[in-house]
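Down below is the structure, laid out as structure tokens.
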2 protein chains.
Amino acid sequence: METPLNIAKALADGSRMRVVAALLRHDELCVCQIVEMLRLATATVSRHMSVLQNARLVQSRKDGRWVYYRLAEPFSQPLRIWLLESLSDSQQIVADQVLLETILSCQPEDVCRQQKKRKAGDG
Amino acid sequence: METPLNIAKALADGSRMRVVAALLRHDELCVCQIVEMLRLATATVSRHMSVLQNARLVQSRKDGRWVYYRLAEPFSQPLRIWLLESLSDSQQIVADQVLLETILSCQPEDVCRQQKKRKAGDG
DNA sequence: TAGTCATTTAGCAAAATAGCTAACTAAAAA
DNA sequence: TTTTTAGTTAGCTATTTTGCTAAATGACTA
């Protein structure tokens, strides 16, 4: 793992903390699924993910056009425990868990299609 | 304790991480001792300490003109373990430990006097 | 091969943050 | 009571970071 300072910096952003929280419960998430959860521009999410990756908090796997992220291996056990313990109190994180159930019930393909539609129709 | 996001934000700065690291090993430190360790302006250190206090990572005690800081009670056990484990690798933190031995071997009074002299003579 | 699609990279504006000095507060000493 | 001292608060500038859109990349599809 990286230095605790770099890890703290990576976690010191609401959106990135939400992603890590989601990955503590869901093995693997595709970029488009994370975009759907955070409702941020894809480019913004992509940059957030690279910050997390530089801190060695997550790792990625490419499958065709899709990129999947998961928590990095190895992931510090005390860090994981601290996050699990303290994140369970957060409103936002709990809401994300619910939202993710819905998102994960579709294929990534469909999630992307929906995003595209939304983007087209928001002018 | 505060939310993990606020704690991460508080720890996402090199100087503040150094203070927390120091307090993991030294029960209590006076502001002037922290100034001596970080070599930053007193005002800057004071603001850092209030960030740490707002995140409930430290607490303060006033003794005459001196203010002493210590880790807040309660302090998350997993967080403490994670920090102890990962901070031990850091060059800077190890150097601080050595420096602190010297600083703590003087009374706070003497530390402050030295700082004043330094400030006067740096024009 | 040309086109589409998912993601990343580049470049920009707005907001947050860390450093400083100067002014203020509270306690002790002269 | 006046002055000194330790620390905090206020106000400023420089740097970093977040968000965005537009352009580039790499991989499937027609």
Side-chain angles (χ1 to χ4, degrees), chain A residues 5-6 8-19 28-36 38-55 58-69 106-120 122-123, chain B residues 5-6 8-19 28-36 38-55 58-69 106-120 122-123:
Chain A
L5 178 57
N6 288 333
K9 282 182 181 172
L11 293 174
D13 172 89
S15 302
R16 290 195 296 266
M17 184 65 88
R18 287 170 68 190
V19 172
E28 221 177 35
L29 292 172
C30 169
V31 172
C32 65
Q33 294 168 327
I34 298 171
V35 166
E36 190 67 19
L38 299 177
R39 293 296 180 101
L40 291 176
T42 306
T44 304
V45 170
S46 181
R47 196 149 44 86
H48 278 312
M49 294 315 295
S50 83
V51 171
L52 288 172
Q53 196 157 35
N54 288 338
V58 305
Q59 64 190 44
S60 66
R61 167 178 81 81
K62 197 162 191 177
D63 178 13
R65 278 171 294 183
W66 283 273
V67 175
Y68 289 88
Y69 285 92
C106 316
Q107 293 303 312
E109 273 186 317
D110 301 324
V111 175
C112 291
R113 217 191 320 284
Q114 264 186 283
Q115 277 163 23
K116 217 171 140 186
K117 233 186 272 177
R118 200 162 41 240
K119 199 171 173 181
D122 72 4
Chain B
L5 177 57
N6 287 333
K9 282 182 180 171
L11 293 174
D13 173 88
S15 302
R16 288 194 297 263
M17 184 66 87
R18 287 171 68 192
V19 171
E28 222 177 34
L29 292 172
C30 169
V31 172
C32 64
Q33 293 168 329
I34 299 171
V35 166
E36 190 67 19
L38 299 177
R39 293 296 179 102
L40 291 176
T42 307
T44 304
V45 170
S46 181
R47 196 148 46 82
H48 278 314
M49 295 316 293
S50 81
V51 170
L52 288 172
Q53 196 158 35
N54 288 338
V58 306
Q59 64 189 45
S60 66
R61 167 177 82 82
K62 196 160 191 179
D63 179 12
R65 279 172 296 185
W66 284 275
V67 175
Y68 289 89
Y69 285 92
C106 315
Q107 293 304 311
E109 272 186 317
D110 301 325
V111 175
C112 291
R113 219 191 319 283
Q114 262 186 284
Q115 277 164 23
K116 215 171 142 187
K117 234 186 273 179
R118 200 161 45 242
K119 197 169 174 185
D122 72 1

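Atom set for the values below is all heavy atoms of this structure, side chains included, hydrogens, waters and symmetry mates excluded. A quick note: this is a predicted structure, and the numbers were derived from the prediction, not measured. Sequence lines set the chain letters: A, B, ... in the order given, protein chains first and strands last, and positions in each chain run from 1.
- A donor-acceptor pair is defined here as one N or O able to donate and one able to accept, closer than 3.5 Å; such a pair exists between the side chain of B:Asn54 and the backbone of B:Ser50.
- Atoms CZ and CG, on A:Arg16 and A:Leu11 in that order, are 8.0 Å from each other to the nearest 0.5 Å.
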Passes side-chain contact (heavy atoms from CB on, under 4.5 Å), B:Cys32 versus B:Trp66? Steps please. CA-CA 8 Å; B:Cys32 64; B:Trp66 284 275; 4.2 Å; yes

Scan nucleotides 1-17 of chain D nucleotide by nucleotide, 5' to 3', and note B when protein non-hydrogen atoms come under 4.0 Å of the base, S if they reach only the sugar-phosphate, - if neither. ----BSSBB--------

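- Within the model, atoms CD of B:Glu36 and CZ of B:Arg118 stand 4.5 Å from one another, a figure rounded to the nearest 0.5 Å.
- Taking CG of A:Leu40 as the reference point, atom OG of A:Ser46 lies at 12.0 Å (rounded to 0.5 Å).
- One atom, CD of A:Glu36, and another, P of C:dT7, lie 12 Å apart when rounded to the nearest Å.
- Counting to the nearest Å, the P atom of C:dT7 and the NE2 atom of A:His48 are 16 Å from each other.
- For the pair A:Val31/A:Thr42, a side-chain contact is recorded, criterion being any heavy-atom separation below 4.5 Å from C-beta on.
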Derivation of the side-chain contact (heavy atoms from CB on, under 4.5 Å) call for B:Arg18 and B:Leu38: CA-CA 8 Å; B:Arg18 287 171 68 192; B:Leu38 299 177; 3.7 Å; yes

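- Rounded to whole angstrom, the span from the CG atom of A:Leu5 across to the C1' atom of C:dT17 amounts to 14 Å.
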Determine whether B:Tyr69 and B:Val58 satisfy the following criterion, side-chain contact (heavy atoms from CB on, under 4.5 Å), listing intermediate values before the conclusion. CA-CA 6 Å; B:Tyr69 285 92; B:Val58 306; 3.8 Å; yes

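- Comparing the helix axis at one end of the helix from C:dT1-D:dA30 to C:dA30-D:dT1 with that at the other, each defined from 5 consecutive pairs, gives an inter-axis angle of 10° (nearest 10°).
- Atom P of nucleotide C:dA27 and atom NZ of B:Lys62 are separated by 5 Å, given to the nearest angstrom.
- Rounded to whole Å, atom C1' of C:dT17 lies 15 Å from atom CG of B:Asn54.
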